[in-house]
Amino acid sequence: MSFLSVKKLSKHFGGLIANNEIDLEVEKGEIRGIIGPNGAGKTTFFNVISGFYQPTSGSVTFKGQNISGKHSSEISKLGVVRTFQRAALFPDFTVLENVVIARHLRANNSLVSAIFGNQKKAEEANVKRSAEIIEFLGLGDEIESLASNLSHGHQRQLGVAMALATEPELLMLDEPVAGMNSGEKAVMVGMVKKIRDEWGVTVLLVEHDMRTVMNLCDRITVIDFGEKLAEGTPDEIKNNDKVIEAYLGADDSVA
Amino acid sequence: MLKSNSMFIKRWWPAATIIIVFAFAPQLFETFWGRMGMYKLVLLQVFLANVVLAQSYRLMTTTGDWTLCHYILMGMGAYTTAILAKFYGVPFYLTIPVAAICTVAVSFLIALPLSRTIGFAFFIGSFALGEFVRYIWEKLHFPFGGSRGLSNIPRPELGQSGDWYFVDFSSRMDISNLYYGTLILAVFALVLLYRLDTSRFGNAWKSIYSDSELCESIGINVTRYRILIFCVAGFFASLAGSLLAYQWGAIDPDNFGMIEMVYLIIWVVVGGVKTYWGPLIGVASMSLVFELTRPFDEFRPLIFGVILISSLVFMPGGLEVLIPRTTRFFKNLVGTKEVS
Ligand SMILES: Nc1ncnc2c1ncn2[C@@H]1O[C@H](COP(=O)(O)OP(=O)(O)O)[C@@H](O)[C@H]1O
Ligand SMILES: [Mg+2]
């Protein structure tokens with residue numbers, strides 16, 4: 001039984017076939033990359049796995065449990081948590097508050113206890129763990145900054161911190177280095193490696209930036225026009241004729 | 001320990017001062033206005049119910065859902081209270097909670113379809129469902145009294161004369177007991193609303209307003225939370241409704257119509273919704289304007305229209321944005337430097 005198993009997953013938008021019978025097997029502990037040109041259907045694939053879209057057909061199984069068609073918040077509670085291609089955060093709150101809120105949403109306490117109960121102890125533990133996550137991701141200096149005041153790179157890092165705050169087993173990152181300069185990219189790459197190596201979180205990431213993907217991923221899946229084109233180690237992908245033709249050759253800014 | 005105590009005092013002295021002033025209002029009013037004081041006390045009583053209503057509406061808007069049927073929810077509370085008290089002689093300490101539970105149930109039914117919509121569809125949908133409820137009140141003679149509504153709602157009573165715990169709310173000449181009852185319930189509701197606002201539920205609701213997609217991704221069921229806030233806001237609106245039913249002694253469907261709803265929106269917009277204090281300031285200032293314009297009441301829609309538009313244009317954050325400015329101004333005036 002593999003960790004995440006996607007079988008013949010399709011997503012149609014009216015006549016548009018954004019995902020066409022894509023298969024994907026992700027092993028526990030790996031960093032898997034999904035690459036493909038813009039509009040290939042990568043984000044759609046993420047949206048279907050994480051429950052934001054209902055699949056047209058096909059299934060998604062996580063640790064043996066069928067999660068396709070489940071509500072996105074439910075899938076997140078099961079340990080499959082995704083980030084967004086944009087910098088998604090709560091701008092009016094500080095970095096620490098953002099992460100604490102992400103943890104709150106996990107705690108399923110009742111309205112009555114929220115009003116009358118003394119949340120101090122649970123709250124202290126929450127804040128402690130949140131600070132730990134922020135520190136771990138190297139955002140320690142910004143812990144009291146307002147999220148809206150962060151640089152783009154830091155905002156994307158905060159997005160990852162919030163996803164991590166929910167204690168996921170599978171972290172899905174949608175273009176984590178999009179719009180970053182090379183320094184910020186290096187930080188993010190180091191961060192993702194650390195999350196897998198030290199915390200054992202399995203990572204599935206969509207990326208446009210070739211160098212990042214080649215550096216980071218154990219295995220890579222290539223999607224083009226909504227279909228799986230190839231799969232393999234970074235070296236195999238680099239030398240795959242179909243991939244070179246469809247993707248690498250078309251754009252000389254990559255590799 | 002000492003430090004946290006002084007923090008506590010620092011945070012709560014404005015609220016405590018206001019409550020103390022309200023507690024002595026009957027005596028103060030009597031001293032200033034003599035027998036006219038009772039009339040002013042009625043206004044203050046209505047004001048308290050309106051504050052609870054506005055504060056519950058502010059809670060509703062934290063997810064970004066501006067409904068048009070909040071007055072209907074208050075009406076649900078008022079009608080249930082009135083029916084139970086008038087036809088079945090149920091005492092107030094039962095009518096108020098039972099009315100709240102009924103209103104929560106109705107809120108849930110209204111919220112179910114509404115939670116599938118956002119933005120404009122939600123806005124119009126809430127109007128349609130609210131008017132549907134009002135239509136039922138208007139058409140059903142029993143138990144709602146049709147378009148003439150219900151009158152002669154008995155005043156609340158606690159025990160019978162002779163019991164040591166007997167409290168008489170019924171006197172029309174001296175309404176201070178009713179006033180104190182209102183004050184206690186209002187403070188109770190406002191404290192709960194404050195606790196909710198700062199609880200993790202409050203944070204979750206604000207987060208939904210900020211970015212509902214992000215909330216879904218970190219495990220919040222946005223639909224469920226939006227239904228929940230509707231029910232919670234309905235609960236507190238119902239408390240306000242119960243208070244008004246007892247204060248007025250008569251209600252009819254027009255008490256809970258669109259005009260009232262528009263005034264509620266004006267209170268909240270003029271005061272601001274970002275902080276807890278916004279609606280309080282909004283209701284206070286607008287009630288004042290309402291009283292001052294009593295001599296030219298045919299111009300009131302115009303006056304409030306102008307107020308609403310100028311507030312949107314010149315102070316989109318509401319009057320509450322003045323709080324930090326004024327406190328800073330006074331601190332500078334006194335010459336104390338804020339340490340933290
Ligand atoms: N909600 C939607 N409705 C209609 N079409 C969509 C929607 N989301 C994505 N698409 C279309 O699906 C295709 C794949 O988009 P996307 O998954 O965002 O690509 P990628 O992330 O690989 O750049 C595009 O043609 C896009 O226009
Ligand atoms: Mg994309």
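In what follows, chains are A, B, ... by sequence order, proteins preceding strands, each numbered from 1.
Among the candidates A:I75, A:T83, A:N98, A:L89, the residue making the largest number of heavy-atom pairs closer than 4.5 Å to chain B is A:L89.
A salt bridge between B:E213 and A:R86 is present, with a side-chain N of the basic residue lying under 4.0 Å from a carboxylate O of the acidic one. Look at B:K206 and A:D92 and you find no salt bridge, because none of the NZ, NE, NH1 or NH2 atoms lies under 4.0 Å from a carboxylate O.
Distance CG/A:L111 to CG/B:L192: 10.0 Å, rounded to 0.5 Å. Atom CE of A:M162 is separated from atom OG of B:S207 by 7.5 Å, given to the nearest 0.5 angstrom. Note: B:E216 CD to A:R82 CZ = 10.5 Å, rounded to the nearest 0.5 Å.
B:Y209 OH: 12 or fewer foreign heavy atoms inside a 6.0 Å radius. Within 6.0 Å of CG on A:N149 lie more than 12 heavy atoms contributed by other residues, nucleotides or ligands. Around CZ of A:F52, the count of heavy atoms belonging to other residues, nucleotides or ligands within 6.0 Å exceeds 12. Within 6.0 Å of CZ in B:F108 there are 12 or fewer heavy atoms belonging to other residues, nucleotides or ligands.
Looking only at side-chain heavy atoms (C-beta outward), A:S73 and B:I220 stay at 4.5 Å or farther from each other. Taking the side chain as every heavy atom from C-beta outward, A:H71 and B:N221 approach each other to under 4.5 Å. For the pair A:N126/B:R200, a side-chain contact is recorded, criterion being any heavy-atom separation below 4.5 Å from C-beta on. Using a 4.5 Å heavy-atom cutoff, the side chains of A:F90 and B:N203 are not in contact.
Interface remark: B:V191 contributes no atoms to any contact with chain A (heavy atom separation under 4.5 Å). For a residue to count as touching a neighbouring chain, one of its non-hydrogen atoms must lie under 4.5 Å from one of that chain's; by this rule A:S50 does not touch chain B.
Checking side-chain atoms of A:S76 against main-chain N and O of B:S217 turns up a donor-acceptor pair under 3.5 Å.
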